[in-house]
Amino acid sequence: MKLDRRSFLRKSAVAGAAFAAAPYVRAAAPGRKFRTALIGCGWWGKNILKEAMASGRCQTAALADVDATTLEVAADQVNGLSGDTPKTYKDYRELLAREKPDIVIIATPDHWHALNTIAAVSAGAHVFVEKPTGHTVNESRAMLKAVRDSGRVAQIGLHRRIGPHHVSGMQFLKSGAVGEVGMVRVFAHGGGDVEKPSLNEAPPDGMDWDFWCGPAPLRPFNKRIHPGGWRNYLDYANGQLGDWGVHWLDQVMWWSGDAPLKRVFCAGGRPVRGVPVLNTKEQTSDAPDHQVATYEFEKFTCVWEHRRFADNNSEKHKIGAYFYGTKGVLHLGWRDGWTFYPTAKSAKIEHENPQLQEPDGHNLALLWADFMESIDQRRAPVAGIELAHRATVLPLLGMVSWRVGRSLAWDAATERVIGDPEANQLLSRPYREPWIYPSA
Amino acid sequence: MRFKHSLLRLGLRSGMVLLTVLCAAAPAADWPQWRGPGRTGISIEKGWLDQWPAAGPAIAWRAAVGLGASSFVVGDGRVFTMGHADGQDTVFCFEAVSGKPIWKHSYPAELGDKFFEGGTTGTPTLDGGRLYALSRWGDAFCFEAATGKIIWSVNVQKETGCPVPDWGFTGAPLVLAGRLILNVGEAGLALDKATGKLLWKSADKNAGYSTPLPVELDGRVLVLLGSSKSYLAVNPVDGKEAWRAPWVTEYGVNAADPIVSGGKMFVSTGYGKGAALFALGAGAPEEVWRARAFRTQLNAAVLHDGHLYGVDGDTTSIGGIKCLEFATGTEKWAHKDFRTGALSMADGRLIALSGTGTLMIAPASPTGFSPTASAKILDGKCWAAPVLANGLIYCRNTSGNVVVIDVRKK
Ligand SMILES: NC(=O)c1ccc[n+]([C@@H]2O[C@H](COP(=O)([O-])OP(=O)(O)OC[C@H]3O[C@@H](n4cnc5c(N)ncnc54)[C@H](O)[C@@H]3O)[C@@H](O)[C@H]2O)c1
């Protein structure tokens, strides 16, 4: 963590200056609350906003969502929880222009993160944006640049950077108790079966589906996509690797002190879910039902694995990271906390329980408190854009390797694939008009 | 009786049916339909045991019916419920006292395990020797209750093109004056109960999940429905909408039936939405009060002596039983850690089954919740309300284990 802050300060020397110079216009004067806005009022956006309200330091000024019903439900909940009566907007650009919020929370689907974030920091707001930073690598780079240029604080929703059992698990690893770690396996397994296509429908009343798709391709509306299901549609997200992978690959970055990636190869497909279907009548998702990605670093190898069939009852853990060291194996997990399985027969298994907020099993309260503190103290937040960008690049590169079907040699300094124009092309993607791909 | 007059005015044929529905006068203490004889969640039964030995209550019988949250209906010595297994839903008929299987009928159906284990969510309806059932995917059946012989069946979703809401059609069928009214489409539809022929339908928009509730207001018979964005009232004869109270709940889950008393309508739903009381008149309903901290997500409350008793909280929360004053919305007490179980009532006592399978009997009182009996009778999740009929309490969990508790006085 120290390392992150130091590297933040080094890399954002310019930003730091801007930060200090810019009048801290809309930061809280004593007693004054942050005017807070939420873009994307679905499941997770409401979870984050609840923490903002619970902190007692934020007033919910406005909400934006392209689904009018979702917007209405969120506004009603906010009113119930805090007494605030937020203005509601369909278009986040209008919200930013009219409301001039101090803080913007962004919890839209992945294909929107870059445009939303860039617009918000450019409008002068501090941002709490969900992972992953971007749907393609160069979106994430553009977000990074925009945040640096703005001098605003950006906290990314990687709450596993601050979750108590993650912090203590990292301490345990760094204490040397696991010995020399030569390999890491990160994974998120679940059950699943053949996927039958479901019928396309008219979008629900009050939903601007064209806006929802935004810069991404316009698919026919289907209940399986919105809300929440977009994770499994590659037009809008990157499947399980993009969703869960970023959390666990970020833990690897944290442990390794941002070791630069050298090479990645990813295989996978949909042998169980079946060939993707997309026609005017019906569709299925198209994310792979399993993937294995090998990440090569100078001093260790990291393997990502996910399977969305067969569950994983043959192993103790279904989600998390195994750090394989000379003194044993540390499993860093979710609801199962962390467990150390020592090599020596005489040694005892060590375990720590998680301390999560339920029902959704996160640590957003801590992450929000850190965000507030980093705004107050003008310091780098615990899950800032720099490290979140590095963590996001890993799953996104895995997806590129999977698409081109070969291994990629990565130049971490320039963030380019070495000698592979086709793969480099896939670090960006064409946007649908009128949206313009952001430049770094 | 005023009600009879309005029936005559409507020219409805089988007024008797409606009378049993609304007058709750069946002495046999059967439970022929969702929420019981008066559709209030309250049984008229008296003189049953509200205590049992420390070792636990007597268990009459057990059965396994497959996945689902379907409740029970009881009549003429038979009990019915539904469940799902291996790509099929099954409608079951057992002997009410012995649990001996009488008949069952299976049909292909999807599991529908969106954010829960899936399985059947609706409850059948018993009326005039017939059993009516509706699947999550729109299969409507009329069976001969004694034998399981199919009188007619139709898939109303395919027939009308109405969209299937996220968790499928859930409201139990309502038999009303020769019609079978279903919560399908934006404001319901009606079939001829004798033939299954479509009589009227509503807009091709999402239904909610409540059971159509017949009420008489100012001499008019109306049917109340939880739709995806409102609670609304329709005329059962032609489906014409009388009014609607806008009520937007997350994911469109307007599931708990409204409760009508003294010209007022009580509504309560989950996901942080809470409850409200509306005054009903000629025009649109007007809000009387709003209480955010009473959120009945799956099952409606019961109203007894001016107080509501219901389960507050979502399936993902700790949940609790609460008591609220009907007139004002004032919370009288809260009994925590109940999860999203469900309750019913008889003879002034709450019959409450916690979300984790503890059955409790407690006097319904605004002063507090003090069970006179309590026993852990099921594991897993219990979402279906316990049903008391003729001295037996029918309980189940979502994986389909049925336990029947004997509370008959010997
Ligand atoms: N950190 C975590 O542990 C965690 C957990 C869950 C979700 N998330 C992240 O939260 C984000 C949201 O996920 P969710 O599950 O809440 O999805 P969701 O589908 O429930 O909500 C997304 C909302 O964004 C709205 N939206 C889409 N485009 C918009 C636009 N241009 N402007 C305004 N609103 C728009 C949608 O209509 C929808 O209501 C994702 O990025 C996801 O990765 C993070």
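In the text below, chain A, chain B and the rest are named by the order of the sequence lines, each starting its count at 1. None of the values given here were measured: they were computed from a predicted structure.
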ask   = Any residues in residues 286-301 of chain B near chain A, with a heavy-atom distance under 4.5 Å, and which are they?
value = B:R290, B:R292
B:S228 portion near chain A, given a 4.5 angstrom heavy-atom threshold = neither
Decide if atom [atom1] of [X] counts as having more than 12 heavy atoms of other residues, nucleotides or ligands within a radius under 6.0 Å.
X: B:D86; atom1: CG; value: no
X: B:K205; atom1: NZ; value: no
X: B:K114; atom1: NZ; value: yes

query = Step by step, would you call B:E250 with A:K46 a salt bridge (charged side-chain N to carboxylate O under 4.0 Å, His left out)?
reply = CA-CA 11 Å; B:E250 193 151 19; A:K46 289 200 293 291; 2.4 Å; yes
query = What are the two closest non-hydrogen atoms of B:K229 and A:T69, and how far apart are they?
reply = NZ-OG1, 3.0 Å
ask   = Where do A:V73 and B:T249 come nearest, in terms of heavy atoms and distance?
value = CG2-C, 3.9 Å
key: By side chain to side chain donor-acceptor pair (under 3.5 Å) - contacts of B:S399 (at least two apart)   = B:N397
key: For chain B, which residues of residues 228-242 of chain A have heavy atoms nearer than 4.5 angstrom   = none
key: Within residues 187-208 of chain A, residues adjacent to chain B where the heavy-atom gap is under 4.5 Å   = A:K196, A:D205
request  = Determine yes or no for a side-chain-to-main-chain donor-acceptor pair under 3.5 angstrom, with A:Q77 supplying the side chain and B:Y271 the backbone.
outcome  = yes
